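These figures come from a predicted structure and were not determined experimentally. One-based numbering along the sequence shown.
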Amino acid sequence: MVSLEWEAVLSFVLLIASYLCLYLALHKRTNFARYSMTVLLIASGAPLAVMLILESRREALDANIGLGMAFLLTWLITALVFVAALITWIAKARKRAS
């Protein structure tokens, strides 16, 4: 169970870091962008948080497919947000260079 807790913490930290990178890569950091990023972050982390709570209440020792899918979804969202931030950073750098 300790491994699961560390994986969850690391997943949430990476998810927060990816949204922070995307927010910092934006050209205009308005209140709308800040609130949008906050809502998207909460919506992205909610499936994993719910599945972790349900897993902690479960008594069974078998595998939980839903928890695995929640981890995969969170990792996919994290990767997509990191890629979007990277693309935004590159476009910003090219715009400054020309």
Side-chain angles (χ1 to χ4, degrees):
M1 191 68 169
V2 174
S3 173
L4 177 66
E5 293 166 355
W6 280 108
E7 283 182 34
V9 168
L10 183 61
S11 295
F12 284 123
V13 167
L14 288 175
L15 184 66
I16 291 168
S18 67
Y19 274 103
L20 187 61
C21 286
L22 183 61
Y23 178 72
L24 293 175
L26 292 176
H27 298 288
K28 296 180 181 178
R29 295 186 196 125
T30 61
N31 283 338
F32 178 74
R34 185 178 318 127
Y35 295 140
S36 297
M37 290 293 164
T38 304
V39 168
L40 288 172
L41 174 65
I42 291 169
S44 299
L48 182 58
V50 168
M51 290 306 295
L52 285 168
I53 291 169
L54 292 176
E55 179 66 20
S56 70
R57 299 176 139 221
R58 250 172 47 124
E59 298 289 328
L61 295 176
D62 60 341
N64 186 348
I65 301 298
L67 181 62
M69 295 299 285
F71 269 109
L72 287 176
L73 177 66
T74 304
W75 295 337
L76 176 68
I77 291 170
T78 302
L80 290 175
V81 173
F82 265 131
V83 168
L86 183 65
I87 290 171
T88 306
W89 279 107
I90 290 171
K92 199 179 199 182
R94 283 187 179 179
K95 190 174 183 180
R96 282 187 197 161
S98 60

query = Are Leu48 and Leu15 co-members of a hydrophobic cluster defined by side-chain heavy atoms under 4.5 Å apart?
reply = no

query = Atom CG of Leu67 and atom CG of Leu72: how far apart are they, to the nearest 0.5 Å?
reply = 10.0 Å

task = Write down the atom of Asn31, the atom of Arg34, and the distance for their closest heavy-atom approach.
result = OD1-NH1, 2.9 Å

inquiry  = Measuring only between side-chain heavy atoms, which start at C-beta, is Leu86 closer than 4.5 Å to Phe82?
reply    = no

ask   = Which atom names give the shortest non-hydrogen contact between Ala25 and Trp89, and what distance separates them?
value = CB-NE1, 3.4 Å

task = Compare every heavy atom of Met37 with every heavy atom of Leu26, then report the nearest pair and how far apart it is.
result = CD1-CE, 3.8 Å

query = In a check of side chain to side chain contact (heavy atoms under 4.5 Å, CB included) between Thr78 and each of Ser18, Ser44, Ser11, which one passes?
reply = Ser18

key: Hydrophobic cluster identity match, Tyr19 and Leu73, side-chain contacts under 4.5 Å   = yes

key: Path from Phe12 to Leu54 over hydrophobic side-chain contacts below 4.5 Å   = yes

Qualifying residues under ring-ring contact (aromatic ring centres under 6.0 Å, His included), relative to Trp75, sequence neighbours excluded = Phe71

task = Please round to the nearest 0.5 Å and tell me the distance separating atom CG of Leu22 and atom CG of Leu40.
result = 9.0 Å

query = Distance from Thr74 atom OG1 to Glu7 atom CD, nearest 0.5 Å?
reply = 11.5 Å

message = Does any part of the side chain of Leu4, heavy atoms only, come nearer than 4.5 Å to the side chain of Leu52, both counted from C-beta?
response = yes

query = Any idea which heavy atoms bring Thr30 and Tyr23 closest together, and the distance?
reply = O-OH, 4.3 Å

message = Is there a path of hydrophobic side-chain contacts, each under 4.5 Å between heavy atoms of I/L/V/M/F/W/Y residues, joining Ile16 to Val9?
response = no

request  = Answer yes or no: does atom CZ of Arg58 have more than 12 heavy-atom neighbours from other residues, nucleotides or ligands under 6.0 Å?
outcome  = yes

remark   = In short, Pro47 meets Ala70 closest at the heavy-atom pair O-CB, 4.0 Å

